[in-house]
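Atoms within a ligand are numbered from 1 in the order they appear, just like the ligands themselves. Just so it is clear, the model here is predicted, and its values are computed rather than measured.
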Amino acid sequence: MKVTFLGTGTSQGVPVIACKSLVIDTGPDFRQQMLRENIERLDAVLFTHAHRDHTSGLDDVRAFNFKQQMDMPVYAVREVIDQIKVEFAYIFVNNNYPGLPRVDVREITSTPFSIDGISITPLPVMHMRLPVLGFRIGNFSYITDANYISDETIDLLKGTEVLVLNALQREKHISHFNLDEAIAMVDRIKPKATYFTHISHKLGLHGEVEKELPKGIALAYDGQQIDVA
Ligand SMILES: [Zn+2]
Ligand SMILES: [Zn+2]
């Protein structure tokens, strides 16, 4: 499995998993990211939560609709689906106007599910008071926008080789792990390799922050690709 970090800044946190191409969230730069990474086929979109920095690029699935001649499968929990139906009402109301995005909404819960044979385990976490899903796919686990991970979800993360986790900034934040909290969480989960994402400019310069990170932890960067066994 190849994972590409499409965006790692605080307004996005988006990897795509190639071969079968799944994208987690469609941020505001979704179109540019798909072009930059030459993504010619997209099989599904998974949403972590409905904040705009994770959904606002949804309109641009249109290009894949045209090319693949199919509605785009979109996996999300009920609350996220409801929010998307409000924010992108034109997609869902009288959707027979040519050129509109076409999505095939598939409701998920915290129960594991599969997409074309790929098993996916949702990882419930909290983003202040908002429930958010991370996703575990084999040995790869992705958690953005969290400041609390329950013991139950830590159990689901056990044995993961690669962890992606949000680490916003140095100062404490109401809805994201700061750097110290993210490092402490990695120490509990103990993956082989960790990449921090959803990074604020307030975290500091990439090279300088990386020097002080414990072994096995790195800051992700846009366009970075990693192989996961
Ligand atoms: Zn958020
Ligand atoms: Zn966010």
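One finds the NZ atom of Lys20 at 6.5 Å from the CD1 atom of Ile118 (value rounded to the nearest 0.5 Å).
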Name each donor-acceptor pair under 3.5 Å that joins a side chain in residues 207-218 to protein atoms two or more places apart or in another chain, with its distance.
| from | atom 1 | to | atom 2 | distance (Å) |
| --- | --- | --- | --- | --- |
| Glu210 | OE2 | Leu219 | N | 2.8 |
| Glu212 | OE1 | Arg170 | NH1 | 3.1 |
| Glu212 | OE2 | Arg170 | NH2 | 3.1 |

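Checked against the 6.0 Å centroid criterion, the rings of His176 and His173 qualify as a close aromatic pair.
Protein N/O/S atoms closer than 2.8 Å to the Zn ion (ligand 1): His49 NE2, His51 ND1, His127 NE2, Asp145 OD2.
No side-chain donor-acceptor contact under 3.5 Å links Glu37 to the backbone of Ile39. The backbone N or O of Arg102 sits nowhere less than 3.5 Å from a side-chain atom of Asp71 that would complete a donor-acceptor pair.
For His49 and Asp145, the side-chain atoms include at least one donor-acceptor pair closer than 3.5 Å.
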